[in-house]
Number of protein chains: 2
Amino acid sequence: MVVKRNTWQREAVRAAMAAETGFVSAQQLHDRLRAEGSTIGLATVYRSLATLVELGEADMLNSPEGENLFRFCSTDHHHHHLICRKCGAAVEIAAAPVERWAQEEAKRHGYSDVKHVIDIFGICAKCR
Amino acid sequence: MVVKRNTWQREAVRAAMAAETGFVSAQQLHDRLRAEGSTIGLATVYRSLATLVELGEADMLNSPEGENLFRFCSTDHHHHHLICRKCGAAVEIAAAPVERWAQEEAKRHGYSDVKHVIDIFGICAKCR
DNA sequence: TTAGGTGCAAAACCTTTGCACACAG
DNA sequence: CTGTGTGCAAAGGTTTTGCACCTAA
């Protein structure tokens, strides 16, 4: 795992993610790829996604339903999402005020090495 | 499920949670109870926790590791947590400004029925 | 050539559910 | 009594892993 090779499988996962507007689960991605005729395995989708997250090309978040959701992310600066509970469509939202708040709140309680999880779930206009 | 009965099992779960300073998983709670000689079943721990969450006596959050974590919570108003990544110790934090921000941001993008997930992870003073 | 990647199936993991029995109200 | 709660085991779901084969570099 020292060097990352480029394989058509990982490229397929990248492409499938890029085609999505919102967050998708590994299984959804796998289903879609198979539906398009790909012979990629589920395990490979999981492994590719882990690699892409590691490379900073994808975002991962844990849905309340216990799945891990992924999304293509070219920009590598820190940001948050507003996600539709129905269709998964995600809007990237700037959160400068919240960033500040989180840092201050953590500092105030003596916590260091701070990371936060801020995601907003709702129903988008299209799904309502 | 119309009326909630009080059983020694649920009381045991309540007590075990109250003894914790941070978030714990259902399985941890079960292990501890069995270690203390209780004969409570794992399924019952899960069911009790679900009930306690429903009653507003416990908070639940999804850890990045795919587990659901629970914590005793007497106050029933909405709030968020600052959680130590090492020991699990959690501090309750007021988040009025962030609440407002989340609502506004969602509305601005046409999302309704908004729920948010805001949790801050860090290393607490004791663990550093 | 050779170390990393892949597919498949099995395993691991957390959580929920079906069922018969127990017991709180 | 009655119907909710319980324990156990089995099933359900997602994710990981073992292994033999494949392939990019």
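Worth saying up front: this structure is predicted, and the values here are computed from it rather than measured. The sequence lines fix the lettering, A, B, ..., with proteins before strands; numbering per chain opens at 1.
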A:Ser48 side chain, from C-beta outward: closest of C:dG4, C:dC8, C:dT6: C:dT6

Sugar-phosphate, base or nothing in reach of B:Ser25, heavy atoms under 4.0 Å: nothing

Polar side-chain contact A:Arg5-C:dG4 base: donor and acceptor under 3.5 Å: yes

Protein-nucleotide distance (B:Gln9, atom CD; C:dC23, atom C1'), rounded to Å: 10 Å

Distance in angstrom units between B:Leu49 CG and D:dG5 P, rounded: 14 Å

Polar pair under 3.5 Å, donor/acceptor by atom type, side chain B:Arg10, base D:dG5: no

A:Gln27, nearest nucleotide to its side chain (from C:dT6, C:dG25, D:dT15): D:dT15

Any A:Tyr46 side-chain nitrogen or oxygen under 4.0 Å from OP1 or OP2 of D:dT16: no

A:Arg47 vs C:dG5: side-chain N/O to OP1/OP2 distance below 4.0 Å: no

Rounded distance in Å - CG (B:Leu42) to P (C:dC13): 14 Å

In one Ile/Leu/Val/Met/Phe/Trp/Tyr side-chain cluster, 4.5 Å: A:Leu29, A:Leu42: no

Salt bridge flag under 4.0 Å for residues B:Lys107 and B:Glu104: no

N/O (side chain, A:Asn68) to phosphate O (OP1/OP2, D:dT14) under 4.0 Å: no

Salt-bridge present (A:Glu92, A:Arg71; N to O < 4.0 Å): yes

Any A:Thr7 side-chain nitrogen or oxygen under 4.0 Å from OP1 or OP2 of C:dT6: yes

Nucleotide of C:dG4, D:dG7, C:dT15 approaching B:Glu67 most closely (side-chain heavy atoms): C:dT15

Residue met sooner reading DNA chain C from 5', once B:Ala43 and B:Trp8 are mapped to nucleotides: B:Ala43

For atom CG of A:Leu61 and atom C1' of D:dT15, their distance in whole Å: 16 Å

Heavy-atom check, side chain of A:His80 versus side chain of B:Glu105, under 4.5 Å: no

Length of the line joining A:Leu55:CG and C:dG5:P, which is rounded to integer Å: 10 Å

Minimum-distance pair of heavy atoms, taken over all atoms of A:Gln28 and A:Phe23: OE1-O, 4.3 Å

Spacing between A:Glu11 atom CD and D:dA24 atom C1', to the nearest angstrom: 14 Å

Distance below 4.0 Å between B:Asn6 side-chain N/O and C:dA24 OP1 or OP2: no

Nearest-angstrom distance from the residue atom NZ of A:Lys4 to P of C:dA3: 17 Å

Whole-Å distance separating the CG atom of A:Leu69 from the C1' atom of D:dT14: 12 Å

